[in-house]
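Below is one structure, written out as structure tokens; comments come after it.
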Number of protein chains: 2
Amino acid sequence: MAPAPRSGEAADTATRILDVAERLAQTRGFNGFSYADISSELEISKASLHYHFPSKADLGQALIERYATHFAEALATIEERERDPIAKLDAYAGIYADVLQDQRMCLCGMLAADYDTLPKPMGDAVIRFFDENEAWLARVLEQGANADTLHLSRSPREEAQAILSGLEGAMLVARPYGDLSRFQAVANALLASLTSPSPPERGSGSGA
Amino acid sequence: MAPAPRSGEAADTATRILDVAERLAQTRGFNGFSYADISSELEISKASLHYHFPSKADLGQALIERYATHFAEALATIEERERDPIAKLDAYAGIYADVLQDQRMCLCGMLAADYDTLPKPMGDAVIRFFDENEAWLARVLEQGANADTLHLSRSPREEAQAILSGLEGAMLVARPYGDLSRFQAVANALLASLTSPSPPERGSGSGA
DNA sequence: GTCTATAGGCAGATAGAC
DNA sequence: GTCTATCTGCCTATAGAC
């Protein structure tokens, strides 16, 4: 379903629904929007939305799965474009910065807050998302440690958890302030202190 | 209102309402619970809840204000008990660990996720909470830097933001895993790397 | 695939008796 | 202060025509 439309081509209905729902979930939380919100924005009836996604749980699961897929593609793109592990980490933080600049929280960070109210399959998918991110980060960190461009003071896995948590938290706290630079400052501190004993002047990441 | 009851004495109704609402807000988010939830748990009618807190916005604001007051008291207690800035930071992280062990998210971290849907006064109070925490942390960090027990690689304010964000993010991500040790690992990494150039074996914080 | 209409329930909130 | 009863509106979801 949903064969990737050529650029300029109109997206199909299911895709447009997911686009709107994704933004609403990222800004208002999964319990903070309704079918009516999507309906009014797309000028499509609520009943039509239920045709594409019978229940809100179905919609939510489709949301996470697409988000995780897109995120994995972004990570693959980083792998293609960057060789230096530090550049990869900067690009990784840049993904978060781009999301935040769009006034959004990471979808899965937001759903982590909603975790106790989510249908089980959605909760499981949130955890998978974090696991995949952690695994990717750990690989990059280990690569850097082996190449001696990074000097870790803990296991790659623990450093990866710290980076993931730190970036999610930086987004969470920065968003009420509406201040991207607040995120950037924290992200830089996080990567600098975790990846080098004596930080040698870092740029502001690829974001924004 | 609500004169602190002597230990063992039954709390008044408004306090019991706030206790239940606080837990619900911390676990399910502000849009994830209703007056009916509190009503059934306390076996008090919904109408009675509205007598004490006319609107949910009123309830929410009372929730944040009490939480911020309690938090400030906890920080004052740390100041009384600990002299070493590192011990103060460990105790600070211990507060978060205690909240997480109780299966909860920081109230204001949770409300930060809900920020876009909150009544304006609640949103403002969330920001004040973060500001106060950041200011307290910055003072402790500066104290440590002056006493030469901490070696900061950035301004106290930036380090404070990184610690606050890092702990909030660590809670956010650890909660779906239901794993306190995951939080502890990240908190230790955060404080160790931010406060000493060559980490000299740190304990696991004062939390649980 | 999209619609109108509507079911059935729960949300926040109020009236008024006690 | 607490209650029962109720209001209005929105929620998710379905039926059935086109």
Rounded interatomic separation in angstrom, taking [atom1] from [X] and [atom2] from [N]:
X: B/Leu42; N: D/dC3; atom1: CG; atom2: C1'; result: 15 Å
X: B/Arg16; N: D/dT2; atom1: CZ; atom2: C1'; result: 12 Å
X: A/Phe33; N: D/dT12; atom1: CZ; atom2: C1'; result: 12 Å
X: B/Arg28; N: C/dA11; atom1: CZ; atom2: C1'; result: 14 Å
X: B/Asn31; N: C/dC10; atom1: CG; atom2: P; result: 18 Å
X: B/Leu49; N: D/dG1; atom1: CG; atom2: P; result: 14 Å

Q: Classify the angle between the aromatic ring planes of B/Tyr96 and B/Tyr92 as parallel (below 30°), tilted (30 to 60°) or perpendicular (above 60°).
A: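 B/Tyr96 vs B/Tyr92 ring planes: tilted.
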Q: Take the angle between the ring planes of B/Phe71 and B/Phe129 and call it parallel below 30°, perpendicular above 60°, tilted in between.
A: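 Judged by the thresholds at 30° and 60°, the geometry between B/Phe71 and B/Phe129 is perpendicular.
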(Q) Taking 4.0 Å as the cut-off, does a side-chain nitrogen or oxygen of A/Thr13 come that near to OP1 or OP2 on C/dT2? (A)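 Checking C/dT2 against A/Thr13, a side-chain N or O does come within under 4.0 Å of OP1 or OP2.
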Q: Compare side-chain N and O positions of A/Ser48 against OP1 and OP2 of C/dT2 and report whether any pair is under 4.0 Å apart.
A: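 So the side chain of A/Ser48 is outside the cut-off, no N or O lying under 4.0 Å from OP1 or OP2 of C/dT2.
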Q. Ignoring hydrogens and geometry, is there a side-chain-to-backbone donor-acceptor pair from B/Ser39 to B/Tyr35 under 3.5 Å?
A.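 No: the side chain of B/Ser39 does not pair with the backbone of B/Tyr35.
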Q.
Is it the case that over 12 heavy atoms from other parts of the model lie below 6.0 angstrom from the CZ atom of A/Arg157?
A.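 Counting other residues, nucleotides and ligands, CZ of A/Arg157 stays at 12 neighbours or fewer.
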Q: Would you please say whether a donor-acceptor pair under 3.5 Å links the side chains of B/Asp116 and A/Thr27?
A: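 No, no side-chain donor-acceptor contact under 3.5 Å.
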Q. Where the side chain of A/Ser45 is concerned, which of D/dC11, C/dT4, D/dG1 is the nearest nucleotide?
A.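 The listed nucleotide nearest to A/Ser45's side chain is C/dT4.
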Q: Taking only the side-chain heavy atoms of B/Ile44 (C-beta and beyond), determine which of D/dC3, C/dT2, C/dA11 contains the nearest atom.
A: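 The nucleotide sitting nearest to the side chain is D/dC3.
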When you compare the protein's N or O atoms with those of nucleotides 13-16 of chain D, which come within less than 3.5 Å of each other, and at what distance?
unit_1 : atom_1 : unit_2  : atom_2 : d
D/dA13 : OP2    : A/Lys56 : N      : 2.7
D/dA13 : N7     : A/His50 : NE2    : 3.1

Q: Taking the six-membered ring of A/Tyr177 (Phe, Tyr or Trp), confirm whether the NZ or CZ of A/Arg182 is under 6.0 Å from its centre and within 45° of its axis.
A: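 Here A/Arg182 passes the 6.0 Å and 45° test against A/Tyr177.
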